[in-house]
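Shown next, in structure tokens, is the structure this report addresses.
Order of appearance sets the numbers: ligands from 1, and atoms from 1 within every ligand.
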Amino acid sequence: MKRIAVFASGNGSNFQALVENANDVYEVVLLICDCNDSYVIQRANKLGIKSFIFNPKNFDYESMLLNKLNEYKVDYIALAGYMRIIGPVLLKAFPNKIINIHPSLLPAFKGKDAILQAFKYGVRITGVTVHYVESGIDTGKIIEQMPMSIKEKMTYKEVEMEIHKVEHTLYPKVLTKLLREDS
Ligand code: GRF
């Protein structure tokens with residue numbers, strides 16, 4: 001059984017999907033959050049998952065996070081709407097063991113507000129990418145992608161909802177497959 005820490009900064013719907021779909025391959029043992037009023041913390045409390053909230057203004061906060069991750073014997077890190085760049089301390093401690101989900105078909109629409117970027121551009125096909133994390137933003141090796149059509153009359157809200165639906169099934173599925181292969 002692999003022990004996962006989820007890093008999230010905001011709403012936390014992907015965190016919740018990962019927790020609710022835990023199985024005989026992985027369990028979510030810890031939420032790491034950089035903002036003390038994020039909704040994801042309430043979700044963790046309701047789901048009975050321990051959370052660790054840190055102040056990113058602290059000097060060398062990644063070393064502090066690393067101690068926490070070691071304390072919880074974390075095997076893998078899953079980023080889910082974590083709004084910070086992962087630095088060298090964690091990248092070195094978790095080589096090929098930090099995964100991210102991004103709401104576009106990378107390499108298209110990197111960075112923030114990817115769903116909106118795709119919608120405004122007018123693409124007919126967008127989707128979701130699960131990839132390894134490296135030092136660049138949304139640039140690591142792709143693990144899996146799921147395409148989704150944007151039909152002509154869809155509103156931005158509808159596209160956003162559809163993308164999140166795709167994410168919530170894709171992320172647990174991909175992590176399960178990956179971690180099963182690693183055991
Ligand atoms: C998701 O769209 C994810 O792909 C992106 O940030 C968003 C987080 O949403 N990296 P939530 O906080 O999981 O609801």
Please compare G81, G10, G12 and report which has the shortest non-hydrogen distance to atom 12 (O) of ligand 1. G12
Best match, H168, E167, Q16, H102: closest heavy atom to atom 3 (C) of ligand 1: E167
Which ligand 1 atoms are under 4.0 Å away from a heavy-atom of P103? 2 (O), 4 (O), 5 (C)
What atoms of ligand 1 come closer than 4.0 angstrom to any heavy atom of N11? 12 (O), 14 (O)
Do Y121 and F109 have their ring centres less than 6.0 Å from each other? yes
For M161, does the CE atom sit with more than 12 other heavy atoms under 6.0 Å from it, leaving out its own atoms? no
Count the heavy atoms belonging to other residues, nucleotides or ligands that lie under 6.0 Å from CD1 of I137, then report whether that count exceeds 12. no
What is the closest protein heavy atom to [atom], and at what distance does it sit?
{"atom": "atom 14 (O) of ligand 1", "answer": "S13 OG, 2.5 Å"}
{"atom": "atom 9 (O) of ligand 1", "answer": "N14 ND2, 3.7 Å"}
{"atom": "atom 10 (N) of ligand 1", "answer": "I101 O, 3.0 Å"}

Side chain to side chain donor-acceptor pair (under 3.5 Å) with S13: of K165, E167, H168, only one passes, and it is H168
Is D75 salt-bridged to K97, going by a charged N under 4.0 Å from an acidic O? no
How about Q117 and S104: does a side-chain donor come under 3.5 Å of a side-chain acceptor? no
